[in-house]
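Report on the structure given below.
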Amino acid sequence: MPIKTVYNAQIEHLQILDETGKLDDKLAKDTLTDEQVSYLYEQMTVCRQLDEVAFRLQRSGRMGTYPQNKGQEAAAAGSGFAAKKGVDFLVPCYRENLALFLHGLPMHYVLLHWMGDERGNQIPEGVNITPISIPIGTQMLHATGIAWAFKLRKEPRVAVTYFGDGATSEGDFHEAMNFASVLQVPCVFFCQNNHWAISVPREIQMNSETVAQKAIAYGMPTIQVDGNDLFAVYKASRDAIERARSGGGPSFIEAVTYRLGDHTTADDARRYRDQKEVEMWAARDPLVRLRKYLEKKDLWSEDRQKRLEERAKAIVQEVVKTAEGIEKPATDDIFDYTFAGELPAELQRQKATMRTSSLGQRPEQVGLHAVPERA
Ligand SMILES: Cc1ncc(C[n+]2csc(CCOP(=O)(O)OP(=O)(O)O)c2C)c(N)n1
Ligand SMILES: [Mg+2]
């Protein structure tokens, strides 16, 4: 009996705007208008400025660890813009700030979060975003659950979840993908393949040639896009989101991009990354590419660029001022905002003795003699 092929698979790669700023007009049809491109270029520039300033804030001790988005702005912009603000739900990790801003998260929230103030993760009412997820992979399950709720309630809404290449090695990823597919929920899995999971290169992280092909196992429509190409990211995201909205189930998008900065400010990528690789990707910088395109179309000028950069600096200065102007959270907050009712006795004791300085002041709290009265 002849051996039959029971399954064939292929992965398409979509690029619409190449590195030189040349657009494939046919593929670009019905994607972004000139006005939308200019708007998103401005937003990406402001975001890059925020990134640079956040890095300096950390270096000068004014902020905790920060993961730069630098180089990945087109992936966040194209996908975030494709989702409907106020309708769809974004379920992020930590390297897609611009998508969050496009959906209404005030910029200073992100700084607050990385300054260690959890109020930065207390998403304002009406902004459809879940908190930034630092544990790798957990958020994809939440996205599947949110999308399932949309389906059960018959709401035409979509959950878009973000994660990195490294996250696809987590069990949570596979569980979320399987459940989303089995239940045919309106969820878009958006992977930012930036080639590295801290110091682990993609080739060591996984043995599959593309990340996109992992979705084939779950029977999901899947595509690989040039993640530094705003048009390609937007088109693939919009198609996947609208398919989900109209009952077509989940999809997977692999956006091939690169983080131009360190993993976080706690990392020094020069220790494990070849500088030549970084230079190659710097030449594919999504901002540079988009500016070339706008210039080619006579939609941009040196003067506009200068004004935009000045404006970006002023905006970010204001954002930093707002974040730093908010009264610091009290250490007691962790106790006060965890329990609705009375704090259990053990936690009351912890609250009372948490600060080392309090030991000296009130040693009786930990069973020592109280400070004697002075004569
Ligand atoms: C569950 C869990 N395991 C490990 C870590 C430590 N960690 C933080 S970032 C990271 C790498 C993530 O790589 P990737 O998913 O590619 O995202 P990227 O940082 O490249 O955007 C790891 C292992 C974590 N935060 N959570
Ligand atoms: Mg990565």
Side-chain angles (χ1 to χ4, degrees), residues 44 47-48 50-51 54-55 58 64-80 90-100 110 113-114 116 118 121 130-144 160-177 188-215 224-228 233 252-274 277-278 280-282 284-286:
M44 285 162 68
C47 214
R48 176 72 59 93
L50 181 79
D51 231 41
F55 181 84
Q58 191 279 338
T65 309
Y66 177 76
Q68 282 195 292
N69 290 203
K70 193 175 172 182
Q72 302 186 208
E73 293 90 347
S79 54
L90 301 191
V91 187
C93 53
Y94 50 76
R95 222 184 282 281
E96 47 278 327
N97 286 343
L98 185 47
L100 311 185
V110 166
H113 168 79
W114 295 108
E118 273 308 315
N121 247 346
T130 52
I132 289 176
S133 174
I134 307 300
I136 299 299
T138 50
Q139 79 280 11
M140 298 178 273
L141 290 158
H142 305 154
T144 295
V160 180
T161 184
Y162 292 89
F163 48 94
D165 43 295
T168 67
S169 302
E170 291 265 356
D172 287 3
F173 163 75
H174 297 278
E175 292 166 27
M177 293 279 285
V188 175
F189 291 86
F190 191 91
C191 176
Q192 294 207 65
N193 171 10
N194 63 8
H195 291 83
W196 291 90
I198 314 186
S199 56
V200 181
R202 195 199 62 82
E203 299 76 25
I204 294 178
Q205 178 79 231
M206 62 189 75
N207 203 25
S208 49
E209 258 179 68
T210 68
V211 186
Q213 74 200 59
K214 298 190 184 192
Q224 185 188 71
V225 302
D226 180 340
N228 288 2
V233 173
F252 187 91
I253 297 170
E254 174 190 356
V256 181
T257 182
Y258 196 80
R259 69 164 156 80
L260 290 172
D262 296 326
H263 170 68
T264 65
T265 44
D267 173 48
D268 179 0
R270 287 170 304 184
R271 286 170 172 229
Y272 55 82
R273 255 185 358 185
D274 187 347
E277 180 184 289
V278 182
M280 183 182 80
W281 281 95
R284 298 176 185 165
D285 186 324

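Whatever order the structure lists ligands and atoms in, that order sets their numbers, starting from 1.
- Between the choices Ile198, Ile136, Asp172, Val200, the shortest heavy-atom distance to atom 5 (C) of ligand 1 belongs to Ile136.
- Ser79 and Tyr162 share a donor-acceptor pair across their side chains, judged by distance under 3.5 Å alone.
- For the pair Trp114 and Thr65, the tightest heavy-atom approach, listed with the atom from each and the gap, is CE3-O, 2.9 Å.
- With a 4.0 Å heavy-atom cut-off, ligand 1 is reached by the side chain of His263 but not by its N, CA, C or O.
- At a 4.0 Å cut-off, not a single heavy atom of His195 sits close enough to ligand 1 to count as contact.
- The nearest protein atom to atom 21 (O) of ligand 1, hydrogens excluded, is given as Arg95 NE, 2.8 Å; this is a heavy-atom distance.
- Atom 12 (C) of ligand 1 has its nearest heavy-atom neighbour, among Trp196, Tyr94, Phe163, in Tyr94.
- Shown in contact with Gly166 at under 4.0 Å from a heavy atom are these atoms of ligand 1, numbered in order with element: 14 (P), 15 (O), 16 (O).
- Assignment of Pro135 to the shell around ligand 1 is supported, since a heavy atom sits closer than 4.0 Å.
- The side chain to side chain donor-acceptor pair (under 3.5 Å) test with Tyr66 is passed by exactly one of Thr264, Thr265, Asp262, Asp51: Asp51.
- At a cut-off of 3.5 Å, with distance as the only test, no side-chain donor of Gln139 or Thr161 sits close to an acceptor on the other residue.
- Near Asn194, the atoms of ligand 1 lying under 4.0 angstrom from a non-hydrogen atom of the residue are 18 (P), 20 (O), 21 (O).
- Taking each heavy atom of Tyr94 and Ser133 in turn, the nearest pair found is CD2-O, 3.5 Å.
- Across Phe190 and Ala75, no two heavy atoms sit closer than the pair CZ-O, 3.6 Å.
- For the Mg ion (ligand 2), the count of nearby protein N, O or S atoms, meaning those under 2.8 Å away, is 3.
- The protein heavy atom nearest to atom 25 (N) of ligand 1 is Ile134 O, 3.0 Å.
- Of the heavy atoms in Glu170, only side-chain atoms (C-beta onward) come closer than 4.0 Å to ligand 1.
- Looking at every heavy atom in both residues, Arg95 comes nearest to Gln68 through NH1-O, 2.8 Å.
- Side chains of Asn194 and Gln72: a donor on one and an acceptor on the other come within 3.5 Å.
- Within 6.0 Å of CD in Glu277 there are more than 12 heavy atoms belonging to other residues, nucleotides or ligands.
- In plain terms, the two heavy atoms of Asp165 and Thr168 that are nearest each other are O-OG1, 2.7 Å.
- The shortest contact between atom 15 (O) of ligand 1 and any protein heavy atom is with Ala167 N, 3.0 Å.
- The aromatic rings of Tyr258 and His195 are tilted relative to each other, their planes meeting at an angle between 30° and 60°.
- For Gln58 against Gly64, the heavy-atom pair with the smallest separation is CG-O, 2.8 Å.
- The closest approach between a heavy atom of Gln192 and any atom of ligand 1 is not below 4.0 Å.
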